[in-house]
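Every number for a ligand or one of its atoms is a count from 1 in the order of the listing. Because the structure is predicted, anything quoted here is derived from the model rather than measured.
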Amino acid sequence: MLILGIETSCDETAAAVVKDGHVILSNIVSSQVKLHAPYGGVVPEIASRAHMENIIPVIQRALEEAKVEGKDLDAIAVTTGPGLITSLMVGVDTAKTLAYAWGKPILGVNHIEGHIYSVGIRNLEFGIRKNIELPAVCLTVSGGHTMLVLVKEWGSYEVIGETIDDACGEAFDKVAKLLGLGYPGGPIVEKLARGGGRQAFSFPRPILNQGNFNFSFSGLKTAVLYQARQIKKMDKKIVQDICASFQEAAFEVLVIKTLRAAQKFKVSTIILAGGVAANQALQNFFKRSLSVTDCKLLITDFPTDNAAMIAGAAYPRALKKDYDDWHSLQADSNLKID
Ligand code: KG4
Ligand code: ZN
């Protein structure tokens with residue numbers, strides 16, 4: 001079963017060919033980081049223009065690298081949401097056009113389901129997914145999303161909490177911007193934090209004790225801004241301390257709320273996915289906290305946006321021939337997973 005995956009929900013133009021839901025024959029990602037860097041965040045208009053320019057060359061490379069042609073494919077899978085509407089539309093319209101031209105079935109995929117599915121996708125024996133004990137709680141934490149999802153079965157999800165304002169990765173990007181560090185902020189803040197004190201500044205742990213599984217990162221970012229304004233002479237050590245203390249505050253909330261959710265829903269598997277999952281300090285925070293529990297932590301092989309996770313997530317539905325109709329398939333910026 002060969003599936004071509006297409007992903008354009010934010011600022012990565014991506015295409016991949018995946019065999020049987022787990023063998024990645026190609027996984028091409030064209031990053032727009034340089035285009036958005038001067039603005040310190042993704043500019044939707046610039047993103048959709050770049051997707052338009054890149055989408056066909058990226059798909060062409062994905063097919064060439066996988067050594068397959070359009071006629072060899074069994075289905076085309078495309079992210080339909082959530083994400084930036086003008087970015088999503090480029091991927092969805094391209095997928096529809098190819099499905100029509102090649103006479104192939106099409107499957108719309110939820111981007112968050114792609115992130116969840118990205119766990120354990122690479123270099124694994126067929127059927128490994130069956131070995132992941134469900135139900136699980138998945139924390140998807142990226143530039144666009146911070147969401148706790150209860151994975152009841154593959155394909156059956158319940159959102160148990162999400163950010164009420166900024167996504168966690170977005171807060172990293174904004175903190176990096178206000179400190180003049182560059183874009184994307186996550187990897188830069190992580191690197192600087194290694195040389196800083198986690199308790200050097202006391203930043204808030206937003207809505208940690210509200211009794212729900214939601215998150216909030218906008219106030220934390222503002223607290224960093226006010227703190228930075230009070231500092232008369234910013235030197236490297238202070239920047240490192242701010243980064244380490246900010247990161248600690250953000251991660252404490254993510255880890256504690258995820259653990260509470262795991263306890264409440266009596267799950268034994270925790271899945272960590274999305275761009276921020278690449279952060280070693282977050283991974284270590286989880287590992288330390290989980291060592292006293294029976295929960296197993298599964299960290300994604302592919303944190304940042306890609307199309308292999310989209311082709312993979314479509315596989316169970318493709319097996320059942322549960323296709324969408326290209327006439328009615330549409331991008332939906334607020335697409336829900338449950
Ligand atoms: O999953 P992703 O590629 O795109 C979205 O769906 O948003 O995630 C990108 C986000 C950016 O906000 C970036 O700053 C953040 O993930 N990120 C990180 C790290 N690597 C990427 N945040 C913290 N630490 C990292 N190492
Ligand atoms: Zn994403």
Side-chain angles (χ1 to χ4, degrees), residues 5-14 16 27 29-33 36-37 39-44 47 51 78-84 87-88 91 109-119 138-147 149 162-163 166-179 181-194 196 215 217-218 220-221 224 243-244 246-251 253-255 271-286 299-310 312-313 333 335 337:
I6 298 174
E7 154 65 42
T8 63
S9 68
C10 190
D11 63 337
E12 324 278 5
T13 316
N27 193 14
V29 179
S30 166
S31 168
Q32 302 175 7
V33 159
H36 301 289
Y39 307 94
V42 177
V43 183
H51 285 311
V78 61
T79 306
T80 49
L84 299 170
S87 289
L88 289 163
V109 175
N110 184 300
H111 182 76
I112 302 292
E113 184 170 20
H115 274 301
I116 296 172
Y117 203 87
S118 71
V119 174
C138 176
L139 174 68
T140 298
V141 60
S142 71
H145 323 278
T146 304
M147 194 180 265
V149 176
E162 59 191 313
T163 182
D166 291 350
C168 184
E170 190 180 356
F172 270 80
D173 296 335
K174 287 180 174 172
V175 163
K177 187 178 180 183
L178 71 90
L179 294 172
L181 302 175
Y183 175 83
I188 306 171
V189 170
E190 177 181 12
K191 205 165 161 215
L192 285 163
R194 285 190 203 126
F215 302 97
F217 291 102
S218 142
L220 174 57
K221 167 213 67 195
V224 174
C243 288
F246 156 74
Q247 194 173 261
E248 182 76 1
F251 291 169
V253 183
L254 291 178
V255 172
I271 295 172
L272 181 57
V276 185
N279 189 298
Q280 295 292 321
L282 177 61
Q283 296 186 8
N284 291 336
F285 204 143
F286 262 111
I299 301 170
T300 181
D301 297 319
F302 295 96
T304 49
D305 287 350
N306 64 87
M309 67 186 197
I310 302 303
S333 60
L335 187 67
I337 194 173

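Ligand 1 lies within reach of Pro187, whose nearest heavy atom is under 4.0 Å from it. Ligand 1 has Pro303 within reach: a non-hydrogen atom of the residue lies less than 4.0 Å from it.
Which of Asp11, Asp305, Asn306 comes nearest to atom 2 (P) of ligand 1 through a heavy atom is settled by distance: it is Asp305. Here the shortest heavy-atom distance to atom 25 (C) of ligand 1, taken over Gly186, Ser142, Gly83, Ala171, belongs to Gly186.
Atoms of ligand 1 found under 4.0 Å from any heavy atom of Gly144 (numbered from 1 in listed order, with element): 5 (C), 7 (O). For ligand 1 and His111, the ligand atoms under 4.0 Å from any heavy atom of the residue are 6 (O). Here is the list of ligand 1 atoms found below 4.0 Å of a heavy atom in Thr304: 1 (O), 3 (O). Each of the atoms 25 (C), 26 (N) of ligand 1 lies under 4.0 Å from some heavy atom of Glu190.
Annotation: the span from Cys243 atom SG to Glu190 atom CD amounts to 11.0 Å, rounded to 0.5 Å. Here the straight-line distance linking atom NE2 of His111 with atom OG of Ser333 works out to 13.5 Å at 0.5 Å rounding. Atom-to-atom distance recorded for Glu7:CD and Glu12:CD is 8.0 Å, nearest 0.5 angstrom. For the atom pair Met147 CE and Ser142 OG, the distance stands at 9.5 Å (nearest 0.5 Å). With rounding to the nearest 0.5 angstrom, the CG atom of Leu272 is 8.0 Å from the OG1 atom of Thr300.
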**OP:** Kindly determine whether Met309 and His115 satisfy side-chain contact (heavy atoms from CB on, under 4.5 Å), including the steps that lead there.
**Re:** CA-CA 6 Å; Met309 67 186 197; His115 274 301; 3.6 Å; yes
### Task
Could you check Thr8 against His51 for side chain to side chain donor-acceptor pair (under 3.5 Å), going step by step and ending with a plain yes or no?
CA-CA 7 Å; Thr8 63; His51 285 311; 4.9 Å; no
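When hydrogens are left out, the protein atom nearest atom 24 (N) of ligand 1 is Asn279 ND2, 2.9 Å; that is the closest non-hydrogen contact. Protein heavy atom nearest atom 13 (C) of ligand 1, with residue, atom name and distance: Asp173 OD1, 3.9 Å. Protein heavy atom closest to atom 20 (N) of ligand 1, with residue, atom name and distance, is Gly275 O, 3.5 Å.
Under the 6.0 Å cut-off for aromatic ring centres, Phe217 and Phe251 do not qualify, their centroids lying 6.0 Å or more apart.
Any N or O atom pair closer than 3.5 Å counts here, and Pro184 shares no such pair with ligand 1. At least one N or O atom of Gly143 sits closer than 3.5 Å to an N or O atom of ligand 1.
Partners of Gln247 according to the side chain to side chain donor-acceptor pair (under 3.5 Å) rule, which considers only residues two or more places apart in sequence or in another chain, are Asn279.
Two residues are said to be in side-chain contact when any heavy atoms from C-beta on lie closer than 4.5 Å; Leu139 and Phe215 meet this criterion. Between Val78 and Val109 there is no side-chain heavy-atom pair separated by less than 4.5 Å. With contacts defined as side-chain heavy-atom distances shorter than 4.5 Å, the pair Pro82/Ile337 does not qualify.
Around the Zn ion (ligand 2), the protein atoms of type N, O or S found under 2.8 Å away are His111 NE2, His115 NE2, Asp305 OD1, listed by chain and number.
Relative orientation of the Tyr183 and His36 rings is perpendicular, given thresholds of 30° and 60° on the angle between their planes.
Using a 4.0 Å cut-off between heavy atoms, Val276 contacts ligand 1 through both its backbone and its side chain. Under 4.0 angstrom from ligand 1, the non-hydrogen atoms of His115 all belong to its side chain.
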